[in-house]
4 protein chains.
Amino acid sequence: MSEPTEQALSLPEWPDKATVAVSLTFDVDADPSLPGLLGAERVSDERLSLISQFRYSIVRGLPRILELLERHQIASTFFVPGATAEAYPDAIRAIAAAGHEIGHHSYRHLPPHTTDADGQRREIERGLQALSKTIGSEPVGYRAPCAELTSTTLRLLVEHGFAYDSSCMGDDRPYLEQAGGASILELPIEWHLDDGAFMFSTLDVEGNLEHAGDVLRQWWEDFLLAAEEHRLITLVMHPEIMGRGSRLRHLEDLIERMKQHAEVWFPTHRQVAELLREQGIHAAAESRL
Amino acid sequence: MSEPTEQALSLPEWPDKATVAVSLTFDVDADPSLPGLLGAERVSDERLSLISQFRYSIVRGLPRILELLERHQIASTFFVPGATAEAYPDAIRAIAAAGHEIGHHSYRHLPPHTTDADGQRREIERGLQALSKTIGSEPVGYRAPCAELTSTTLRLLVEHGFAYDSSCMGDDRPYLEQAGGASILELPIEWHLDDGAFMFSTLDVEGNLEHAGDVLRQWWEDFLLAAEEHRLITLVMHPEIMGRGSRLRHLEDLIERMKQHAEVWFPTHRQVAELLREQGIHAAAESRL
Amino acid sequence: MSEPTEQALSLPEWPDKATVAVSLTFDVDADPSLPGLLGAERVSDERLSLISQFRYSIVRGLPRILELLERHQIASTFFVPGATAEAYPDAIRAIAAAGHEIGHHSYRHLPPHTTDADGQRREIERGLQALSKTIGSEPVGYRAPCAELTSTTLRLLVEHGFAYDSSCMGDDRPYLEQAGGASILELPIEWHLDDGAFMFSTLDVEGNLEHAGDVLRQWWEDFLLAAEEHRLITLVMHPEIMGRGSRLRHLEDLIERMKQHAEVWFPTHRQVAELLREQGIHAAAESRL
Amino acid sequence: MSEPTEQALSLPEWPDKATVAVSLTFDVDADPSLPGLLGAERVSDERLSLISQFRYSIVRGLPRILELLERHQIASTFFVPGATAEAYPDAIRAIAAAGHEIGHHSYRHLPPHTTDADGQRREIERGLQALSKTIGSEPVGYRAPCAELTSTTLRLLVEHGFAYDSSCMGDDRPYLEQAGGASILELPIEWHLDDGAFMFSTLDVEGNLEHAGDVLRQWWEDFLLAAEEHRLITLVMHPEIMGRGSRLRHLEDLIERMKQHAEVWFPTHRQVAELLREQGIHAAAESRL
């Protein structure tokens, strides 16, 4: 491991006099039998309760989220496994139709570090195929299942012309994640800005059930710091988590307080990548952007 | 997995100008040696402390709960394993005598997904027998141990004329849970509305001991959302958990705040199923209702 | 398991017009190599940090607690394993010399349900011997390691003339814990009134580090209920936990608020047993009391 | 285990009329493949996300911390594994150049109790070599990886002329930690004053993500007690934890409140050891101090 050179990119000027950028992103997993969600073993079709807990994501969580974003005129990025797009094509098309970005979230939600190079290639290529078929265009951004990008998958992203990744945590500013000579624009995330680290609970995976108001208190404070530093801040959410119960009320409250506090730009991740290219800060040669 | 069609039923008009319905439900497990409570192994009769921790449910928790419900004139649904009814017949009859509904909660609290079709049949049929013998009538509602309904058990419920299940989480409105061509009225639950997810702790099962006031703050917010949407909200509680210490004070406080906030109907689950039938929203052909 | 008959004893009249009784009890374990504290394996003498974490109990926690009790003129019950009394005789004698009760807490802190009848006998008899030799008199009360009383150990307590046990949770009022024809006065405890369930953390045993103020908020509410019901409430604490850092400030604050709220009697457990005998509520024939 | 004699040293008079001393200390681990951080197995170079989570420590956490300390004119002690110094020499030299103390934190972060005497010697000697080469002088203080000092490593510290250890928890005042006839000045720590016990979370190690404000509320109360007792209090932090997100805002708030409350001395641990020597309270014969 060599000493890291400073990798952060210059911060762009945000559009419309905004002084801070907030990306609301959602990972739409929806099916408890996807790998990496509930352990190695396949969830039996018999387990109706567990399956219904995740189906809520599509039936109830997603429509509530889309309605909230519509009301606030915010475009978000939804990272979707290819298998989920095949299982719920109408739901995924409804996301795209509402003006949101669909990002690549693997095919079967197989965490890259749990499979070999061939397996990783299959996940990327089948995921691309399934998403392109569902929404009619190729996604340009990627988030690894379980936030576990590998150097093998990073090279696959470059090979397939992806414009950005959003799975790493090496900075809180956009930067270049590098491995084996390849590099990609990284729009970083953090565990404490992920709803799953606070409120994911099933019979199989003992988790937390923290009060959403307490979770978003942390997010609010991180937003204040980002606003002072004129940075981008990315929130990671899941319709089966943040879309359940009254939690979206807290998210809406957070959005409203953000707007009152500063001029906020709520971009998709794709819009951030485009802005960086337009302002000459970063443009990957081979990107499909 | 095929794309879910919208399964939610129309919301009924609640009786007496109520704008929201709140079902307080209690699972009366009472015995730490029941499967699914403390792991696979049978609890030794030697372990007096552990046994006494659960016996509190019958000796102290249940009377306190009945007194609270009596004071507020609320009828609740108590889901009881057949084996518990056999061990504590007087306690279970006292629940029924106070006007509450007794629901089916298996015979030995064996989670359906941990046994085969024969085992599931035995749990349903012996449970029906034990409960009918104890209270003199057949229960019409079911909650799976550990909230793990299977398609096999769903078919058994239909075969035996059950009117509803309350173990799944696919919506926050009454809906039809479907599997293998069979379907049943689902009065859904959610992990974050279950006291066991926050306050269950023994020497064997490390759990949480959250402050009941903090837990019910979440429930209050979910109630507010349900009230706005004129929905039913179902709380899942256990006499050995919510009936211990001063936690019932917080439940009583919640009930009082609910009443002040809105016209609330506090039905049993059976009453909800009857209302749906009366208003032509849903009536299962074979139901014993 | 037969249906429990009501086992609670009548509540006594508390002395000096007190309307509620609060027993502060402390388990003095002090040595991480005692069984049941950190798992099955013996802690190596090499692990100085871990050993020092528990030694704090004797060096710093205990003196702070004794000073606090002295300042408030409260007599408490300290449950001590025989091996701890042999390792720290001066510290244990100092507790007794300050007027507190020394209760039996086994010899080697071996949880009764993890050993056979012979092992349980050795724990009781060697513990009695070690404690009697250290403090010059025989303890009359017992608390099982890990709060795991067995019927075998209950019979041993009766055989050796113990006046009470304080390890079970079958009621929140003094009652008779019964097994195999034997019975003993039970001064019950509850997990959520035990500091170890909230604030025990080592490298080996991942635990919680809740804020003592939040923990004692729960205890305060349980005290309020006990005061309304004129009951005894028993708190379980450990010098290595409650005696660390500023936690005793919260305990002192709790004591002061209790005193302001009601006429409180702070008895040792032995005093409670004596009062029950004096008022004709319960006197075991063979007790050494 | 023999009864502990009182080991605490007299408290020194703090310089400049200070009434309390606060040592802010930081463990700079930075690499998830160091032993003791994420379990026994080596982290694969492939896992870019996990590696980036720790690299943040050097890229972003450390500069933020140095800036905060500079602004408040506080000198701290940074405990650094030799391997980290070799991987990030510029970052570690920048710490020293800013006037902070560099302490010894092993070579490969191998917890002493997990290896034999030879392994422990290698960790001490290679660590000394690597740190001396990086910063041009030999560290005089030591903190064991995972806070697991052993008697073998204690003797190695004495043999190599270390002035103090900061890994044990036997008192909340400076004291002599003793084993096998050797002894060393101990500047003690406590788990509940360690940010890692509250806010360490990766995909591999499920941890907590408590709100920093809640954590520092505990630290504030412990500071108040230390101030009353005119003691030293030592906080243990990690750039990858406390340096992430807005947590440093809470640390800065704590520092400011401390300053307002009392005359506070914020020394390095080396300065504390020197003061104890100057005031004749403790001076190890063989120390390199």
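Convention: sequence-line order gives letters A, B, ...; per-chain numbering from 1.
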- Query: Taking the side chain from A:Ser132 and the backbone from A:Leu128, do they hold a donor-acceptor pair closer than 3.5 Å?
  - Reply: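 Checked: pair present.
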- What residue in A:Met199, A:Arg244, A:Arg249, A:Glu240 has the most heavy-atom pairs under 4.5 Å with chain B?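 Most heavy-atom pairs under 4.5 Å with chain B: A:Arg244.
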Choice from [options] maximising heavy atom contacts with chain A below 4.5 Å:
{"options": "B:His192, B:Gln218, B:Glu177, B:Glu210", "answer": "B:Gln218"}
{"options": "B:Leu193, B:Thr153, B:Thr150, B:Ile233", "answer": "B:Thr150"}
{"options": "B:Ala144, B:Cys168, B:Gly180", "answer": "B:Cys168"}

- Looking at residues at least two apart in the chain, or sitting in another chain, which of them share a ring-ring contact (aromatic ring centres under 6.0 Å, His included) with A:His104?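 Expected list: A:Tyr142, A:Phe162.
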- Could B:Glu221 and B:Arg217 be called an ion pair, given the rule that one side-chain N must be under 4.0 Å from one carboxylate O?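 Here B:Glu221 does not pair with B:Arg217 in a salt bridge, since their nearest N and O are not under 4.0 Å apart.
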- Message: Tell me whether A:Arg121 is salt-bridged to A:Asp118, with the criterion being a basic N under 4.0 Å from an acidic carboxylate O.
- Response: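 No, A:Arg121 and A:Asp118 are not salt-bridged.
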- Is it true that A:His250 and A:Trp219 have ring centroids separated by less than 6.0 Å?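 Aromatic pair excluded; centres sit 6.0 Å or further apart.
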- Task: Please look at A:Arg47 and chain B and tell me whether the side chain, the backbone, both or neither of the residue comes under 4.5 angstrom of a heavy atom of that chain.
- Result: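 Both parts, heavy atoms under 4.5 Å.
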- Message: Quick check on B:Phe223 against chain A: is it the side chain, the backbone, both or neither that has a heavy atom closer than 4.5 Å?
- Response: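 Interface part for B:Phe223: neither.
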